[in-house]
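Only heavy atoms go into these numbers, but all of them, side chains included; no hydrogens, no water, no symmetry mates. Numbering of ligands and ligand atoms starts at 1, following listing order.
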Amino acid sequence: MELKYNGKNVYREGVSAEEINLFCEGYKAFLDKGKTERQCAALAEKELEALGFKRYTGEKMIPGEKYYYIYKNKVVAAIAAGRKGIEEGISLIAAHIDSPRLDLKPNPVYEDSDICMIKTHYYGGVKKYQWTTVPLMLTGVIVKGNGEKVEVSIGGRDEDPVFYISDLLPHLASSQMDRKLKDGIKGEELNVIAGTVPYISDGEEIQKPVKENILHILNEMYGIIEEDLLTAELTFVPALRARDTGFDRSMVAAYGQDDKVCAYTSMKALEDIENPEKTCICIWADKEEIGSMGVTGMQSDFLVNFLGRMAESENVSLYDVLDNSVCLSADVDAAFDPTYRQVYDQNNSARLGGGIILTKYTGARGKSGTSDAACETAARVRKIFNDNGVVWQIGELGKVDEGGGGTVAQFIANRGIDTIDCGVGVISMHAPYEVTAKSDVYMAYRGYRAFFEAE
Ligand code: MN
Ligand code: MN
């Protein structure tokens with residue numbers, strides 16, 4: 001009997017590289033299309049419709065049928081109705097589809113020294129210096145004065161222009177180089193360069209002619225005026241495609257893998273299960289990167305409202321549903337990075353290629369701000385993984401007091417649902433271009449699927 005615990009590697013456990021790579025082709029395609037929560041929700045709606053999921057409207061569910069529900073264009077719930085009643089508990093997986101990015105300020109456009117510039121306000125925890133001198137795309141939604149909605153997307157296609165945030169040339173950066181790294185680029189320096197051509201009108205002197213020209217271009221493209229920008233939801237995200245990484249092509253580099261990696265793999269798992277014992281729900285939430293606040297964040301009542309309506313139509317008690325459900329909070333964890341080994345506790349850090357990660361707690365300063373999963377919950381998931389050949393590892397976000405972080409786990413656990421974090425290891429989390437191991441991505445799918453299929 002082997003008494004020692006030894007970490008595993010997915011490739012050593014007889015998992016086919018072909019299967020791993022094939023799965024990740026779909027993942028990369030998803031990353032290239034879904035950069036924001038709105039885009040991801042729209043993609044999910046299209047795909048789930050095509051797969052025969054029915055739009056959930058609060059009806060009594062038929063066991064074996066699948067449903068989907070889109071909340072305020074930003075949250076997705078996909079449901080596989082189980083053979084057991086939901087009062088016996090639901091198997092939930094919750095991931096988030098928002099990622100760190102640069103939102104436009106409400107009044108974003110200005111002209112300075114014959115350059116049209118756009119002011120941004122970063123969303124989520126970013127290292128600001130990383131967002132300069134990378135190609136950016138503009139995406140989002142504008143609701144015009146008459147209520148008409150316009151979708152904006154510039155920079156995603158090869159023929160599109162991109163946008164750009166400058167940084168100082170090293171030759172003139174001697175005082176900037178003395179700043180602390182966190183102030184290397186300041187929030188008010190994240191200004192996007194958006195145009196240089198002046199608007200020329202016969203005989204008329206135009207104030208801020210470059211800005212005027214950009215407003216004309218925007219008016220031609222989208223029929224909007226500057227006031228429409230004040231209420232718009234526009235954001236800059238990296239205009240970078242998902243790419244295979246390394247000589248062995250074993251990794252994926254892409255924007256927004258936190259947390260589209262868990263979103264994609266958990267939704268694929270829900271799509272692929274058939275006629276489950278328990279009702280399974282995959283949730284894609286918004287606003288995790290800013291504390292899960294707001295109407296589409298996991299701190300909002302939408303989950304309880306949604307489950308409450310479901311309980312009503314099934315004629316069972318919501319209290320029973322909440323009490324008996326189990327949730328995997330599907331979010332990424334920091335994968336051990338040998339270059340920065342000093343911030344990781346090697347025995348308690350996830351490894352690239354080590355499989356899906358179980359994280360019992362997140363938080364900071366003595367586990368503050370975590371749901372701290374019970375050992376019964378952790379052991380239950382561990383057993384499901386072991387029984388189904390899912391390669392898994394344990395993870396913790398770095399050394400004690402080195403920093404910390406949180407996920408949606410605490411907000412779901414606060415509703416009385418047993419919850420544990422379970423996701424994929426990422427290198428350079430929250431950078432414009434993040435890295436995951438394909439074997440871990442595939443193992444996340446296998447793990448989530450085994451969880452949904454468990455009795
Ligand atoms: Mn996350
Ligand atoms: Mn994050």
Side-chain angles (χ1 to χ4, degrees), residues 27 30-31 34-37 39-41 74-76 92-103 121-128 130-131 235 237-238 252-267 282-294 296-300 303 327-335 337 343 349-350 352 356-364 369-371 373 395-398 402-413 419-437 440-441 444 447-448:
Y27 172 51
F30 171 74
L31 288 170
K35 309 250 186 185
T36 64
E37 60 279 2
Q39 287 173 346
C40 289
K74 295 180 178 186
V75 176
V76 180
L92 276 164
I93 300 184
H96 68 91
I97 46 177
D98 62 316
S99 299
R101 62 189 188 221
L102 303 177
D103 286 344
H121 194 142
Y122 64 98
Y123 171 99
V126 301
K127 292 168 88 173
K128 295 185 260 301
Q130 294 177 335
W131 293 72
T235 187
V237 295
V252 173
Y255 163 70
Q257 298 199 70
D258 174 9
D259 184 32
K260 275 103 172 177
V261 64
C262 299
Y264 180 79
T265 48
S266 56
M267 191 60 80
C282 174
I283 291 177
W284 284 2
D286 179 30
K287 297 281 180 276
E288 194 278 341
E289 295 296 356
I290 55 168
S292 297
M293 310 286 186
T296 50
M298 283 307 300
Q299 295 211 56
S300 123
L303 177 64
C327 178
L328 297 185
S329 160
D331 206 344
V332 297
D333 197 348
D337 181 346
V343 303
S349 287
L352 283 186
I356 190 170
I357 308 162
L358 272 182
T359 303
K360 292 159 81 176
Y361 51 85
T362 58
T370 176
S371 48
E396 180 175 356
L397 189 65
E402 195 61 56
T407 64
V408 299
Q410 54 181 317
F411 309 118
I412 297 167
T419 304
I420 184 166
D421 277 295
C422 181
V424 175
V426 176
I427 295 270
S428 303
M429 194 195 297
H430 286 204
Y433 217 43
E434 306 168 316
V435 170
T436 56
D440 296 335
V441 176
Y448 295 145

His430 and Asp258: side chain donor to acceptor below 3.5 Å: yes

No-hydrogen, no-angle side-chain donor-acceptor test under 3.5 Å, Tyr361 and Asp421: no

Should the pair Tyr27 and Tyr264 be assigned to parallel (<30°), tilted (30 to 60°) or perpendicular (>60°) ring geometry? tilted

Below 2.8 Å, can you find an N, O or S atom of His96 next to the Mn ion (ligand 1)? yes

Hey, is Glu37 close enough to Arg101 for a salt bridge, meaning N to O under 4.0 Å? yes

Closest approach to the Mn ion (ligand 1) by Asp331, given as the N, O or S atom name: OD1

Does Glu289 put an N, O or S atom under 2.8 Å from the Mn ion (ligand 1)? no

Quick check: does Asp258 have an N/O/S atom under 2.8 Å of the Mn ion (ligand 2)? yes

